Number of protein chains: 2
Amino acid sequence: MTESHKPGFSRCNNATLRRAARSLGRFYDDALAPSGLKGTQFGLLFQIHVSSEPAMGTIAEALIMDLSALGHTLKPLIRDGYVETFADKDDRRVKRVRLTPQGNVKLGEAIKLWSAAQQQFEDKVGAEQAAKLRAALDAVADLDLEMPAAAPSL
Amino acid sequence: MTESHKPGFSRCNNATLRRAARSLGRFYDDALAPSGLKGTQFGLLFQIHVSSEPAMGTIAEALIMDLSALGHTLKPLIRDGYVETFADKDDRRVKRVRLTPQGNVKLGEAIKLWSAAQQQFEDKVGAEQAAKLRAALDAVADLDLEMPAAAPSL
DNA sequence: CGGCAAAAGTGGCATATGCCACTAATTGAA
DNA sequence: TTCAATTAGTGGCATATGCCACTTTTGCCG
């Protein structure tokens, strides 16, 4: 094989994906820094924004993240007053989420910063390519992967 | 815009990437679970394995991760006896890393589990597509992104 | 209606990552 | 040689994510 690993050319799809995520994450984080939000928080606020007072579970599902992880990630946003939660009228187990007025303002502020980063990125890779990449990533994310074995009957 | 958000179809390249990373990460983590390693740890052990007693900084650069983050991530692996560090002979600031015999065994064990997951993934998306995706991700990771503004002269 | 299984979150614990402030070792220049 | 600037890591602090064990509500079945 010889050259099996220039800088980071791993064959592991997962490792490659994480590496790219760290790299791009830093870029977006830097761009959003002036707003005080991280890329993840921006994404979360945006998701809440485009949904209609979504339930925690709904958000978690959309973002493919663990429900408890979502709860944790939401805490600083609630603490900082950007988001608030309230119980669902019909099912008290359900907790819904919405942006506060402050949250809306902050989101608007962040969107401007995000746009610059997004634009920068698309200028570099091309809008077409970027769209294709996102499509590929969404496809991967939605793959119904599952290791065979374990779980025959039950 | 209108249909701006089916389940998770965000236009944010960063959000899309993270979402896919969470999804795929879980899959690989599940597959590696029997070894007790997480996908990240596996990737790290592998990187150390294919390098020649790399310095921390070298690893961090290859994986595009913060040096301190690498240090933190390395701790549990050192604690569990899979990795050990030692000072560079010529430059005592440099700390080099290598796998312990146990680490090698554990890596071998994990590689079997990883292979199954990797195989499963490639069967689903196709080896060709997977390779293209990795190439695209490596390209993104290595982009020299940087927000213009700030930093005129100095 | 009583009680048990399923659904939705919470909290605790552990790893993953980053940034910043600091310390130790080097290097380079006066 | 001596000291300032640079380089490589460390530690502390904060967010990002997951899993697991619980608690609270519902739903449903006998």
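These numbers come from a predicted model, not from an experiment. By convention in this document, chain letters (A, B, ...) are assigned in the order of the sequence lines, proteins followed by strands, and residues within each chain are numbered from 1.
- Rounded to an integer number of Å, the gap from A/R22 CZ to C/dG18 P is 6 Å.
- Spacing between atom CE of A/M56 and atom P of D/dT17 amounts to 14 Å, rounded to whole angstrom units.
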Distance-only check: which donor-acceptor pairs under 3.5 Å involve side-chain atoms of residues 34-44 of chain A, not counting sequence neighbours?
from, atom 1, to, atom 2, distance (Å)
A/S35, OG, A/L32, O, 2.7
A/S35, OG, A/L37, N, 3.1
A/Q41, OE1, A/K38, N, 3.0

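- Ion pair A/R98/A/E53 flagged as a salt bridge, since at least one NZ, NE, NH1 or NH2 atom sits closer than 4.0 Å to an Asp/Glu carboxylate oxygen.
- Regarding B/F42, its CZ atom lies at a distance of 18 Å from the C1' atom of C/dT15, rounded to whole Å.
- Taking atom CZ of residue B/R18 and atom P of nucleotide D/dT15, one finds them 14 Å apart after rounding to whole Å.
- Each of A/T40 and B/T58 has a nearest nucleotide on DNA chain D; the 5'-most of these lies closest to B/T58.
- For A/V94, the side-chain atoms get nearest to C/dA8 when compared with the rest of C/dA8, D/dA16, C/dT15.
- Nearest nucleotide to the B/H72 side chain, out of D/dG9, D/dG12, D/dT15: D/dG12.
- C/dT15 atom C1' lies 14 Å from atom CG of B/L45, rounded to whole Å.
- Between A/R19 and B/D138, at least one side-chain N (NZ, or NE/NH1/NH2) sits under 4.0 Å from a carboxylate O, which counts as a salt bridge.
- When the C1' atom of D/dA8 is taken as reference, atom CG of B/D88 falls 11 Å away, rounded to whole Å.
- Once rounded to the nearest 0.5 Å, the distance linking CG of A/N104 with NE2 of A/H49 reads 6.5 Å.
- Among residues two or more places apart in sequence or in another chain, the side chain to side chain donor-acceptor pair (under 3.5 Å) test is passed with A/Y82 by none.
- Nearest-nucleotide positions on DNA chain C place A/L67 closer to the 5' end than the other of A/L67 and B/G39.
- One interatomic measurement links the two molecules: CG of B/L32 to C1' of D/dC19, which rounds to 16 Å at whole-angstrom precision.
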Side chains of residues 63-76 of chain A: which donor-acceptor pairs under 3.5 Å do they make with residues two or more places apart or in other chains?
from, atom 1, to, atom 2, distance (Å)
A/D66, OD2, A/S68, N, 2.8
A/D66, OD2, A/S68, OG, 2.5
A/D66, OD2, A/A69, N, 3.3
A/H72, ND1, A/S68, O, 3.2
A/T73, OG1, A/A69, O, 2.9

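- Of the possible donor and acceptor atoms, one in the side chain of A/Q118 sits under 3.5 Å from a partner among the backbone N and O of B/R11.
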Practice problem: Heavy atoms under 4.0 Å is the rule here; annotate nucleotides 20-29 of chain C 5' to 3' with B where the base is hit, S where only the sugar-phosphate is, and - elsewhere. | Solution: B----BS---
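- At least one donor-acceptor pair under 3.5 Å links the side chain of A/T100 to the backbone N or O of A/G103.
- Rounded to an integer number of Å, the gap from CG of B/D30 to C1' of D/dG18 is 10 Å.
- A close approach under 4.0 Å does occur between a side-chain nitrogen or oxygen of A/R26 and OP1 or OP2 of C/dC19.
- Within residues 76-85 of chain A, the residues having any heavy atom closer than 4.0 Å to DNA chain D are, in order of number, A/P76, A/R79.
- Residues satisfying the side chain to side chain donor-acceptor pair (under 3.5 Å) criterion with B/D80, sequence neighbours excluded, are absent altogether.
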